[in-house]
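One structure below.
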Amino acid sequence: MRFVIKKDEDKTAKLASNETLQVLEKIVKTKNRGLITEAIYRDSYDTEDGRCSYVEDKLAIAYKNKCAYCERICKADIEHYRPKKGVTEDDTHLGYYWLCYEWTNLIPSCITCNREGAKHNKFPILGKRVINPPLLPDGSLNLTLCKAGTSPLRDETPCLLHPEVDDPVDYFVFELDAEGKGIRIKGIDMQGRGAETISICRLNRNELKLDRVKSVIDDFKESIHSLFVLLERDEIDTLKLKKDVIQQLRLLKNHSLNDEKTYTLLRKYIVASSTNFERIVIPFLDSKIRRIVLEAFKSIEPLQPII
């Protein structure tokens, strides 16, 4: 996950229209969840390459074409953060039907994080669950109180983190998988919301653990190993080696600042300190060169990007 700023003015014209508001008011008054339609929250259109969605397009811009949870490039579902038609943990709850077209309740999720035994309609909370929509004195829906970051919704203290409300840096660290199957994400907050988010979206499934290594570590590893091969062949000297190693380290920093890259939270974590770098990156390097690379990192800490 990464923290995302998604502007309210960026929502689609259909989501912002008076026609949609009228439909929503009818859903609120009747509690008829059958009136909820993907024609509004997807807003599809046809192209020569297939069926597309104006809402998906807008979400893709904000989330850089990545899943909000696992941060992989994907063809994302439009995920209702708070489920619109029912809640797994409470079979008496009708779902957050009044949020079906709320912009802050729509986020992109890959199929695996959302549907395949993962999130779906799960929405455990630590606080008091909101049962009814917030209404104004005239009985119409209070749209301001439908925003994900406002009370009473925020007071539910959802176990599932919201990437537009909760900064993932405060909830996660990374560690090597004990069985050698890549890199795991780990929750660290005292309330356990980070750990619950990992569990709900299955963020330590095998393909993710392995892909974190492939996408974030492997290119750096190959570049560093190539430099030491050049040194052994006397094609570069030790001064050139150190300079080029530092260049590769600074390139890691550049990648951590590029929101279009996958796994930006992991990328930021490994360059945040020499301790993180030593724990996550160094074990993937040849044992003969680990000390040299780590000392190079420490010599320029805090790491600065290539300008």
Side-chain angles (χ1 to χ4, degrees), residues 6 8 10-44 53-56 58-59 62-63 68-69 76-109 111 113-166 196-197 200-201:
K6 188 179 74 185
D8 189 66
D10 289 339
K11 62 186 171 185
T12 63
K14 181 168 283 190
L15 284 175
S17 70
N18 286 330
E19 290 81 2
T20 292
L21 180 58
Q22 290 172 12
V23 173
L24 181 60
E25 292 287 3
K26 185 174 182 180
I27 293 170
V28 169
K29 285 180 170 61
T30 63
K31 299 184 179 181
N32 185 353
R33 295 166 295 169
L35 296 176
I36 299 173
T37 172
E38 67 173 28
I40 294 176
Y41 70 75
R42 279 187 53 82
D43 195 4
S44 298
S53 159
Y54 289 115
V55 175
E56 286 180 5
K58 291 289 188 177
L59 292 175
Y63 282 83
Y69 300 121
D77 284 344
I78 297 174
E79 144 77 348
H80 286 80
Y81 171 73
R82 284 180 167 84
K84 61 188 179 297
K85 292 186 177 181
V87 177
T88 300
E89 295 78 18
D90 183 356
D91 58 11
T92 67
H93 197 284
L94 297 179
Y96 299 84
Y97 53 87
W98 63 95
L99 302 178
C100 58
Y101 306 136
E102 164 54 41
W103 187 227
T104 62
N105 198 49
L106 302 177
I107 58 179
S109 174
I111 291 173
C113 283
N114 186 28
R115 284 189 271 165
E116 295 180 357
K119 197 261 181 186
H120 198 51
N121 285 334
K122 296 174 185 173
F123 200 73
I125 60 173
L126 299 175
K128 183 179 179 181
R129 192 174 298 281
V130 177
I131 300 174
N132 297 308
L135 302 178
L136 294 169
D138 64 0
S140 63
L141 185 64
N142 188 329
L143 297 176
T144 299
L145 298 187
C146 289
K147 307 296 182 187
T150 61
S151 295
L153 292 176
R154 187 161 191 167
D155 298 335
E156 288 187 316
T157 314
C159 293
L160 179 67
L161 299 176
H162 192 310
E164 299 165 31
V165 176
D166 308 296
E196 280 293 314
T197 297
I200 291 168
C201 296

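These numbers come from a predicted model, not from an experiment.
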| request: Identify the heavy atoms of K6 and W103 that sit nearest to each other, and give their distance. | output: NZ-O, 2.6 Å
| request: For residues T104 and H162, report the shortest heavy-atom separation together with the two atoms involved. | output: O-NE2, 2.8 Å
| query | Using the benzene-type ring in the case of Trp, are the ring centres of Y41 and H80 under 6.0 Å apart? | reply | yes
| query | Taking only residues two or more places apart in sequence or in another chain, which ones pass salt bridge (Lys or Arg N to Asp or Glu O under 4.0 Å) with K29? | reply | E25
| task | Go through the side-chain N and O atoms of R82 and Y97 and say whether any donor and acceptor fall under 3.5 Å apart. | result | no
| request: Using distance alone, with no hydrogens and no angle criterion, decide if Y63 and E164 have a side-chain donor and acceptor under 3.5 Å apart. | output: yes
| Can you name the closest pair of heavy atoms from N132 and K31 and give their distance? | OD1-NZ, 4.0 Å
| request: For E196, enumerate each residue passing the salt bridge (Lys or Arg N to Asp or Glu O under 4.0 Å) test, keeping only those at least two apart in sequence or located in another chain. | output: none
| task | Can you see which heavy atom on L106 is nearest to which on L59, and at what distance? | result | O-CD2, 3.4 Å
| query | Under the side chain to side chain contact (heavy atoms under 4.5 Å, CB included) criterion, do L15 and V55 qualify, and how do the steps go? | reply | CA-CA 9 Å; L15 284 175; V55 175; 4.1 Å; yes
| task | Would you indicate whether the side-chain heavy atoms of C100 and L24 approach each other to under 4.5 Å? | result | yes
| query | Distance-only, no hydrogens or angles: does the T30 side chain make a donor-acceptor pair with backbone N or O of K26 under 3.5 Å? | reply | yes
| L141/L21 under side chain to side chain contact (heavy atoms under 4.5 Å, CB included): CA gap, chis, key distance, verdict | CA-CA 9 Å; L141 185 64; L21 180 58; 5.7 Å; no
| query | Any Lys/Arg nitrogen of D10 or K58 sitting under 4.0 Å from an Asp/Glu carboxylate oxygen of the other? | reply | no
| request: Could you tell me whether K128 and D155 make a salt bridge, using a distance below 4.0 angstrom between a side-chain N and a carboxylate O? | output: no
| query | At their closest point, which heavy atom of R129 faces which heavy atom of P124, and how far apart are they? | reply | NH2-CA, 4.1 Å
| request: Would you confirm whether S53, through its side chain, and R42, through its main-chain N or O, come within 3.5 Å as a donor-acceptor pair? | output: yes
| field | Min side-chain heavy-atom separation L161-Y69 under 4.5 Å | value | no
| Name of the residue among D8, L153, N105 meeting side-chain contact (heavy atoms from CB on, under 4.5 Å) with K147 | D8
| message | Take a 6.0 Å sphere around NE2 of H93 and say whether it holds more than 12 heavy atoms from other residues, nucleotides or ligands. | response | yes
| Which pair of heavy atoms, one from N114 and one from S109, lies closest together, and at what distance? | CB-OG, 3.2 Å
| Check: T88 side chain, N121 main-chain N or O, donor-acceptor pair, under 3.5 Å | yes
| Are Y81 and F123 near enough that their ring centres are under 6.0 Å apart? | yes
| field | Sidechain N-carboxylate O distance under 4.0 Å for K122, E89 | value | no
